[in-house]
There are 2 protein chains.
Amino acid sequence: MKNSQHLLGLIERIGNLLRLEERELGKADGLQPVHVQVLEYLSLCNRFSNTPLSLSRYLGISKGTVSQSVIVLENKGLIKKVQDNNDRRIVHLVLSETGKNVVKNAFANERWSNTCERLPAQQRERMAEDLAQLLLELTRQHSMQSFGVCRTCKYFTYENSNYSCALLQIPLKASETAKLCHEHCFFDSKTGSDESLSVP
Amino acid sequence: MKNSQHLLGLIERIGNLLRLEERELGKADGLQPVHVQVLEYLSLCNRFSNTPLSLSRYLGISKGTVSQSVIVLENKGLIKKVQDNNDRRIVHLVLSETGKNVVKNAFANERWSNTCERLPAQQRERMAEDLAQLLLELTRQHSMQSFGVCRTCKYFTYENSNYSCALLQIPLKASETAKLCHEHCFFDSKTGSDESLSVP
DNA sequence: GTATACTGTATTGACTCGATACTAAAAGTG
DNA sequence: CACTTTTAGTATCGAGTCAATACAGTATAC
């Protein structure tokens, strides 16, 4: 038990420092930490997960709040709203060229990359795996979507050199298979059943 | 590089979920996530680190902001301010009984402990070590204090069954050696020199 | 003793955030 | 088909965080 408190404190503190970095990074463009996170997410998500709703689920904030952040980013010309062709309720958020540059700079965060470089590659790898599993369990506890990389999903299929999603029954571009999907569902028996994740 | 982005995303997301939990936990008492973090910190720090300034450094927010949070918590009767006897500029923040109970409930967070329990003890241990090292490097990059547990500090000494701090030249109670100290300095040669940490 | 550094407070304005109520589109139901 | 229900997103509001600035009181250096 004491162990888990310690772990909580560590992650919380690292998270706080990261938010501090985001604040500094966004300062030049007049952006708040949340805005930086939104841009980062949009650079990683696919055509199904680049909506305000997915964003709110991913960031753990209400959709009303997301709506406001989106307006700010749109006014600054960093993102654009594109209405969905099939479902006209849905809006897709896409990064503009300016937006892409801002994300690029944010990811090129010196402090963070310096920090990572000072840790052995093997350790980084291990941490990423451990944390990914922790996150998966945590999202299960919250009954939330897991937002994994498409390629690692149990519905991801590869046949005749064509990628496709078995859940949505649609073909995928090669570049999309490395993006975050909001319907993601790990193919991993050792972590237990997947009944908590929404599957039609 | 891509590796470090992935790691960043993981920690950020876990941090977001934790803040979401804090929001829920604090809701019953009308507390904001920050307030919960303040209470958590105060339950872990020693008599040198329970000041507004240490708090602001630990949480990565300005001391003005801390001052306001402190007022809120004081009005709610969760903490009390105690002036230092030697240095009358300094204020010590101590948890009231009510405050201690709130922290206890916060730490007893079901979702988090469930999550931790589902991971092997060995993995938790490993993660804690890895993350501690990451945090240490990160604080170095930020030229910040490391806020470690007193007992693990290079200035911590144990002689004739008495604990003491070699930096401040004062005796320590046994219970204090398990608390967070703001002058903390790891005794760890493999992670490089300690010149970035402030030592008189 | 005076200048300087340090700890904490007060105030202000920009902004986040959740809550609520709302519109519009889709999907389900008879 | 009309109808209800569900879903995606928006608008508005008030509470509250947060940094910035200016400030008061105390300690330390010289």
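Worth knowing before you read on, the calculation uses all heavy atoms, side chains too, and leaves out hydrogens, waters and symmetry mates. By convention in this document, chain letters (A, B, ...) are assigned in the order of the sequence lines, proteins followed by strands, and residues within each chain are numbered from 1.
In this entry the distance linking CG of B:Leu31 with P of D:dG16 reads 11 Å, nearest Å. Here the C1' atom of nucleotide D:dA8 and the CZ atom of A:Arg88 are 14 Å apart, to the nearest Å. Between the CG atom of A:Leu55 and the C1' atom of D:dT7 there is a distance of 17 Å, given to the nearest Å. Rounded to whole Å, atom C1' of D:dA11 lies 15 Å from atom CD of A:Glu74. In this structure, A:Asn85 places its CG atom 18 Å from P of D:dA8, rounding to the nearest Å. Rounded to whole Å, atom P of D:dA19 lies 15 Å from atom CG of A:Leu25. Rounded to whole Å, atom C1' of D:dA8 lies 12 Å from atom CG of A:Leu93. B:Asn16 places its CG atom 11 Å from the P atom of C:dG18, with the value rounded to the nearest Å.
The overall bend of the helix from C:dG1-D:dC30 to C:dG30-D:dC1, read as the angle between its terminal helix axes built from five base pairs each, is 30° when rounded to 10 degrees.
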Taking N or O atoms only and anything under 3.5 Å, show me the protein contacts with nucleotides 1-8 of chain C, one pair per line.
residue: C:dC6; atom: O2; partner: B:Arg89; partner atom: NH1; Å: 3.0
residue: C:dG8; atom: OP1; partner: B:Val91; partner atom: N; Å: 3.1
residue: C:dG8; atom: OP1; partner: B:Val91; partner atom: O; Å: 3.4
residue: C:dG8; atom: OP2; partner: B:Leu53; partner atom: N; Å: 3.0
residue: C:dG8; atom: N7; partner: B:Lys63; partner atom: NZ; Å: 2.7
residue: C:dG8; atom: O6; partner: B:Lys63; partner atom: NZ; Å: 3.3

N/O contacts under 3.5 Å, protein versus nucleotides 12-17 of chain C?
residue: C:dT16; atom: OP1; partner: A:His35; partner atom: NE2; Å: 2.5

Restricting to nitrogen or oxygen on both sides, can you table the protein-nucleotides 1-4 of chain D pairs closer than 3.5 Å?
none

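Chaining together hydrophobic side chains whose heavy atoms lie under 4.5 Å apart places A:Val82 alongside A:Val94. Here B:Leu25 sits alone; no ILVMFWY side chain lies under 4.5 Å from its own, so it joins no hydrophobic cluster.
Between the A:Ser69 side chain and the A:His35 main chain, no donor and acceptor come within less than 3.5 Å of each other. No donor-acceptor pair closer than 3.5 Å links the side chain of B:Ser54 to the backbone N or O of B:Thr51. Side-chain N or O atoms of A:Arg13 include none that pairs as donor or acceptor with a backbone N or O of B:Leu59 at under 3.5 Å. Judged by distance alone, with hydrogens and angles left aside, the side-chain atoms of B:Thr139 form a donor-acceptor pair with the main-chain N or O of B:Leu135 at under 3.5 Å. One N or O on the side chain of A:Ser96 and one on the backbone of A:Leu78 form a donor-acceptor pair closer than 3.5 Å.
Pairs engaging residues 86-98 of chain B under the salt bridge (Lys or Arg N to Asp or Glu O under 4.0 Å) rule: B:Asp87-B:Arg89, B:Glu97-B:Lys100 [sequence neighbours left out]. Within the structure, the salt bridge (Lys or Arg N to Asp or Glu O under 4.0 Å) test picks out the following pairs touching residues 24-34 of chain B (sequence neighbours left out): B:Glu24-B:Arg111. The salt bridge (Lys or Arg N to Asp or Glu O under 4.0 Å) contacts involving residues 69-78 of chain A comprise A:Glu74-A:Lys81, where partners must be two or more places apart or lie in separate chains.
Under the rule for a salt bridge (Lys or Arg N to Asp or Glu O under 4.0 Å), A:Lys80 has no partner lying at least two apart in sequence or in another chain. Remark: B:Glu22 engages B:Gln37 in a side-chain hydrogen bond (donor to acceptor under 3.5 Å, both in side chains) (not counting sequence neighbours). Evaluation of the side-chain hydrogen bond (donor to acceptor under 3.5 Å, both in side chains) rule for A:Arg19 yields no partner, not counting sequence neighbours.
Using a 4.5 Å heavy-atom threshold, the side chains of A:Val66 and A:Tyr58 count as separate.
Residue contacts for B:Asn86: at a heavy-atom cut-off of 4.0 Å it reaches the sugar-phosphate backbone alone, with no base atom in range.
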